[in-house]
2 protein chains.
Amino acid sequence: MLYAMGRWEPNTRERLVRAAVELFAEQGYDMTTVNEIAERAGTTKTTFFRHFPDKREALFAGQDTHSRLLADAVAAAPDTATPLDAVGVALDALTAAFPPERRAFAARLRVVIAGNDELRERAAFKRAGLAVALTDALQQRGVPDPTADLAAELGVLAFYRAFDRWVDPADDPATDQTFTDLARQALRELRAALPEL
Amino acid sequence: MLYAMGRWEPNTRERLVRAAVELFAEQGYDMTTVNEIAERAGTTKTTFFRHFPDKREALFAGQDTHSRLLADAVAAAPDTATPLDAVGVALDALTAAFPPERRAFAARLRVVIAGNDELRERAAFKRAGLAVALTDALQQRGVPDPTADLAAELGVLAFYRAFDRWVDPADDPATDQTFTDLARQALRELRAALPEL
DNA sequence: GGAAGTGATGTGACTTGGTAACGTCACTGT
DNA sequence: ACAGTGACGTTACCAAGTCACATCACTTCC
């Protein structure tokens, strides 16, 4: 599989993602055509759609694995774990997929997504997918109906609250905590806020 | 403003919605073109896009008001109300917009939406919008940060769990409860499940 | 009561996202 | 050597969505 000297440049997929993020940041999402992205990546429109089902998905590629990370971790949690314990383990597993090197890229990505409704829509869909994955995994281990929904929603909420803090340099300028740490902290906060409802 | 005998048939918007739902149910969402919808409604593609920003939105028109119903109700809740109390009041206000006559239509709509990813994506976006509206309204009345998020997410969860029961004839075949009753019941269930986390 | 204006619609041309059929060629395994 | 295989390019096409412009019932103002 040595394509290094092949007919085409390697890492086509990665080049497409980089080109897409760059162009979206430069000119905005809807002012950028798939042809432009492909051209900057040194390829063509058809190849773009061979790698991604649609234009938006270039920014969300790889997130399909997140649901599996959550589900597997919940399934592997000890039988004695409460629903929120299992959710905590799942968040540990998911956040482990976000090493500090990815932080700057995630930050740029977030800005681009926040600036366009089509992208925010896709983001909402992905978020809903995470919640469904958590709910299903919890029900699989015997957690009854309303409780599983609640725990899943709470876990997803903790994940995104932690993501915001991880990416946003405004809070905690010096500490530079791990995503996993932030997620644990967010989950503790939410748990502590439950009696306030 | 008497258009009854005007150049065109009245109620264009409503005719477009009906045509869209019919065609989507008959042939599926992606097998139906906007031209077909417009033709069945006795108009043209351009007019369709004058009424709806995109093809999907024909099925979600009017839901923009739901966020405002929630926000206004939360703002109007008495100062003594807890976050979950305010959410309960908001759900009462929102569910009041779903009279029993709309149930059959809502049921057909739900089947169509569930059958297509683009539509499910839009639905997830709308759902996220409801959560944001609730969160903002709660924060406006002084509910602190993590608690507002929690209460909003819980309220949205209750709404959709109640919606499922309202629409699905499988459960409670005889009782035929009001959407508002079902929402209150769902909220109580979730509240009762909190200690199980 | 006639003229100018308004608002919802139709027409046609256009851009772009997305699909599909087909050809090309480096690389792989036999 | 030789028949795959897989990733890519080329071309043509369909449908979503935009835009500029024309039409005409109805309204308003003089």
Side-chain angles (χ1 to χ4, degrees), chain A residues 1-21 23-24 26-61 112-113 115-123 125, chain B residues 1-21 23-24 26-61 112-113 116-122 125:
Chain A
M1 287 219 186
L2 278 176
Y3 283 107
M5 290 291 295
R7 180 147 62 130
W8 299 282
E9 295 291 320
N11 308 325
T12 306
R13 191 189 187 85
E14 188 189 326
R15 270 159 37 219
L16 283 168
V17 171
R18 299 184 62 84
V21 176
L23 284 167
F24 293 165
E26 289 172 15
Q27 338 170 342
Y29 172 81
D30 36 2
M31 293 305 294
T32 303
T33 72
V34 174
N35 268 325
E36 284 181 278
I37 301 170
E39 192 178 355
R40 177 168 296 200
T43 177
T44 64
K45 186 176 70 161
T46 307
T47 294
F48 179 94
F49 285 111
R50 282 207 184 88
H51 284 273
F52 310 102
D54 57 54
K55 185 181 169 187
R56 308 170 207 161
E57 200 62 14
L59 300 185
F60 296 90
V112 172
I113 292 172
N116 181 274
D117 269 359
E118 292 185 49
L119 295 175
R120 289 173 49 196
E121 201 168 332
R122 176 61 52 88
F125 196 44
Chain B
M1 286 220 189
L2 277 174
Y3 281 106
M5 289 292 294
R7 180 143 66 128
W8 300 281
E9 295 292 320
N11 308 326
T12 308
R13 192 188 187 86
E14 187 189 328
R15 269 158 38 221
L16 282 168
V17 170
R18 297 184 64 84
V21 175
L23 285 167
F24 293 165
E26 289 172 14
Q27 339 170 344
Y29 172 81
D30 36 2
M31 292 305 294
T32 303
T33 75
V34 174
N35 268 324
E36 283 181 279
I37 300 170
E39 192 177 356
R40 177 168 297 201
T43 178
T44 63
K45 187 177 68 159
T46 307
T47 292
F48 179 94
F49 285 112
R50 282 206 184 88
H51 284 273
F52 310 102
D54 56 55
K55 184 180 168 187
R56 307 168 206 156
E57 201 63 14
L59 301 186
F60 296 90
V112 172
I113 292 172
N116 180 274
D117 269 359
E118 292 184 48
L119 296 175
R120 290 173 50 196
E121 202 169 331
R122 175 61 51 88
F125 197 43

Checklist entry - Quick one: B:Asn35 CG to C:dG10 P, roughly how many Å, whole number? => result 12 Å

Checklist entry - When you check the phosphate oxygens OP1 and OP2 of D:dC8, does a side-chain N or O of A:Thr12 lie under 4.0 Å from one of them? => result yes

Checklist entry - Atom CG in B:Leu16, atom CZ in B:Arg18: separation rounded to 0.5 Å? => result 12.0 Å

Checklist entry - If you take atom types as modelled and just measure distance, does the side chain of A:Lys55 reach the base of C:dG18 with a donor-acceptor pair under 3.5 Å? => result no

Checklist entry - B:His51 side chain: which of D:dG17, D:dA15, C:dT9 is closest? => result C:dT9

Checklist entry - Nearest-Å distance, CG (A:Asp30) to P (C:dT15)? => result 17 Å

Checklist outcome for this item: CD (B:Glu39) and CG (B:Leu23) are apart, to the nearest 0.5 Å, by 9.5 Å

Checklist entry - Should A:Thr43 be listed as having a side-chain N or O under 4.0 Å from OP1 or OP2 of D:dG9? => result yes

Next on the checklist: Output the pairing pattern of DNA chain C as a dot-bracket string, 5' first, Watson-Crick or G-U wobble with both distances under 3.5 Å, | for cross-strand pairs, [ ] for crossing pairs.
Outcome noted: ||||||||||||||||||||||||||||||

Item to check | Listed nucleotide nearest any side-chain atom of B:Arg50, set C:dG18, D:dC8, C:dT9 | outcome: C:dT9

Checklist entry - Looking only at side-chain N and O atoms, does B:Thr47 come under 4.0 Å of OP1 or OP2 in C:dG10? => result yes

Next on the checklist: Please report the distance, rounded to the nearest Å, between CZ in B:Phe24 and P in D:dA16.
Outcome noted: 9 Å

Checklist entry - Taking only residues two or more places apart in sequence or in another chain, which ones pass salt bridge (charged side-chain N to carboxylate O under 4.0 Å, His left out) with A:Asp54? => result A:Arg122

Checklist entry - Of all the choices, C:dG17, D:dG17, D:dT10, which nucleotide is nearest to the side chain of A:Thr46 once you look at every atom? => result D:dT10

Next on the checklist: Within the 4.0 Å heavy-atom criterion, would you say B:Asp54 contacts the bases, only the backbone, or no part of the nucleic acid?
Outcome noted: sugar-phosphate

Checklist entry - Side chain of A:Glu36, backbone of A:Thr33: donor and acceptor closer than 3.5 Å? => result yes

Checklist entry - Between A:Arg13 and A:Arg50, does a side-chain contact (heavy atoms from CB on, under 4.5 Å) hold up when you go through it step by step? => result CA-CA 9 Å; A:Arg13 191 189 187 85; A:Arg50 282 207 184 88; over 6 Å; no

Checklist entry - Got a second to check how far B:Ile37's CD1 is from B:Phe24's CZ, nearest 0.5 Å? => result 4.0 Å

Item to check | Cation over ring face, B:Lys55 and B:Tyr29, 6.0 Å, 45° | outcome: yes

Checklist outcome for this item: Out of D:dT18, C:dG17, C:dG10, minimum distance to the side chain of A:Phe49 belongs to C:dG17

Checklist outcome for this item: Quick note, A:Thr33 side chain, CB onward, closest among C:dG10, D:dG17, C:dT16 is C:dT16

